[in-house]
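Take a look at the structure set out below.
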Amino acid sequence: MSIRHGLLALLEPGPRYGSQLRTEFESRTGATWPLNVGQVYTTLNRLERDGMVVQDGEDDAGHALYVITDAGRDELRTWFRSPVDRRSPPRDELAIKLAMAVGAPGIDIREVIQSQRHHTVQAMQDYTRLKAQATDVSPENRDDVAWLLVLEQLIFQTEAEARWLDHCEARLVRLSLTAAQKEKQRESEREAPAASADAPPPPGVEPAPAPRAGLGRSGRR
């Protein structure tokens, strides 16, 4: 999540102070990714260091106001025009958990999947209920529209996660069946030589005579 660029976008319409930026950020995103004031001011300090914003006086209540610079506007435009790089995805805890669960002693990975699926479906239902409430009336301002877009992204994301969990479980079932079939085949191959030795000769073939006890190489007693 780019707090840096989010704050630049909120500063473009005009000067803002730290707490105001925090409130507007959470309003625009529906508090999906809550910020604390410390994060806001740390990011503002870095933006100021990089020449993206400057402090420009105070408001009537004594809050320090920040203003976006031309360099900050150029950075913001570049961010809006550039696609989000999916070739270096952020670490996903669920994917890492399932990868570690495969082959982990004493862990039933299907139980892990079922537990996560229950949680994911519950989250999807909660998001869908929030969307129904949000669309009871037409969005009245840009914050309402922005929140609706974020909410719909969360719904699509949880739907995709539920499908992926179904796929993981199906793959594990197939791998388990394949392993069982290979083990059965190996057992059959191990039993085949012994079965061949004990099998009767084909029809029309006389069995080899058994050696006579007590005879030496000359066949004499």
Hphob cluster co-occupancy, Y17 + L10, side-chain heavy atoms under 4.5 angstrom = no

Could you tell me whether D126 and R129 make a salt bridge, using a distance below 4.0 angstrom between a side-chain N and a carboxylate O?
-> yes

Atom CD1 of I109 and atom CG of L98: how far apart are they, to the nearest 0.5 Å?
-> 5.5 Å

Where T32 and L154 come nearest, the two heavy atoms and their spacing = CG2-CD1, 3.9 Å

Examine distances only and state if a side-chain atom of S115 and a backbone atom of E111 form a donor-acceptor pair shorter than 3.5 Å.
-> no

Can you name the nearest heavy-atom pair linking R87 to D85, along with the distance?
-> N-OD1, 2.9 Å

Below 4.5 Å, heavy atoms only, C-beta onward: do Y41 and Y66 meet side chain to side chain?
-> yes

So do L148 and D144 actually touch side chain to side chain, heavy atoms under 4.5 Å?
-> no

How many angstroms lie between OG1 in T128 and CD in E159, if you round to the nearest 0.5 Å?
-> 6.5 Å

Determine, step by step, whether L94 and H119 satisfy the side chain to side chain contact (heavy atoms under 4.5 Å, CB included) criterion, reporting the C-alpha distance in whole Å, the side-chain angles of both residues, the deciding distance to 0.1 Å, and the verdict.
-> CA-CA 12 Å; L94 177 56; H119 175 80; over 6 Å; no

Any pair counted as salt bridge (Lys or Arg N to Asp or Glu O under 4.0 Å), so long as it reaches residues 20-49, sequence neighbours left out | R16-E24, R28-D143

Side chains of W33 and I3: does their closest heavy-atom pair fall under 4.5 Å?
-> no

Hey, does L21 have a side-chain heavy atom less than 4.5 Å from the side chain of T43?
-> no

CD of E93: more than 12 outside heavy atoms within 6.0 angstrom?
-> no

Between R110 and D108, is a salt bridge (Lys or Arg N to Asp or Glu O under 4.0 Å) present by the stated rule, with each step listed?
-> CA-CA 5 Å; R110 294 183 66 181; D108 183 350; 5.8 Å; no

Inter-residue atom distance E152.CD - T135.OG1, 0.5 Å rounding | 8.5 Å

Minimal heavy-atom distance between R4 and D50, with the atoms involved, is NH1-OD2, 3.2 Å

Would you kindly confirm whether V145 and W147 end up in one hydrophobic cluster when ILVMFWY residues are joined by side chain heavy atoms under 4.5 Å apart?
-> no

Evaluate the side-chain proximity of L8 to E12: yes if any heavy-atom separation is below 4.5 Å, no if none is.
-> no

Smallest heavy-atom separation, S82 atom then T78 atom, equals OG-O, 2.7 Å

Kindly compute the distance separating CG (L44) from CD (Q55), expressed to the nearest 0.5 Å.
-> 8.5 Å

CG of L151 to CZ of F156, rounded to nearest 0.5 Å, is 10.0 Å

Which atom of G51 lies closest to which atom of A71, heavy atoms considered = O-CB, 3.6 Å

In one Ile/Leu/Val/Met/Phe/Trp/Tyr side-chain cluster, 4.5 Å: L149, F25 = no

Note, L172 side chain near I113 side chain (heavy atom, < 4.5 Å) = yes

Between CD on residue E58 and CG on residue L65, distance to nearest 0.5 Å = 7.5 Å

Donor-acceptor pairs are to be reported for all side-chain atoms of residues 161-168 against protein atoms at under 3.5 Å, with residues two or more places apart or in another chain.
residue	atom	partner	partner atom	Å
E161	OE2	Q116	NE2	3.4
E161	OE2	T120	OG1	2.6
D166	OD1	R117	NE	2.9
D166	OD1	R117	NH2	3.1

Apply salt bridge (charged side-chain N to carboxylate O under 4.0 Å, His left out) to R73 and list each qualifying residue two or more places apart in sequence or on a separate chain.
-> D70

Taking all heavy atoms of I107 and all of A101, pick out the closest pair and write down the distance.
-> CG2-CB, 4.1 Å

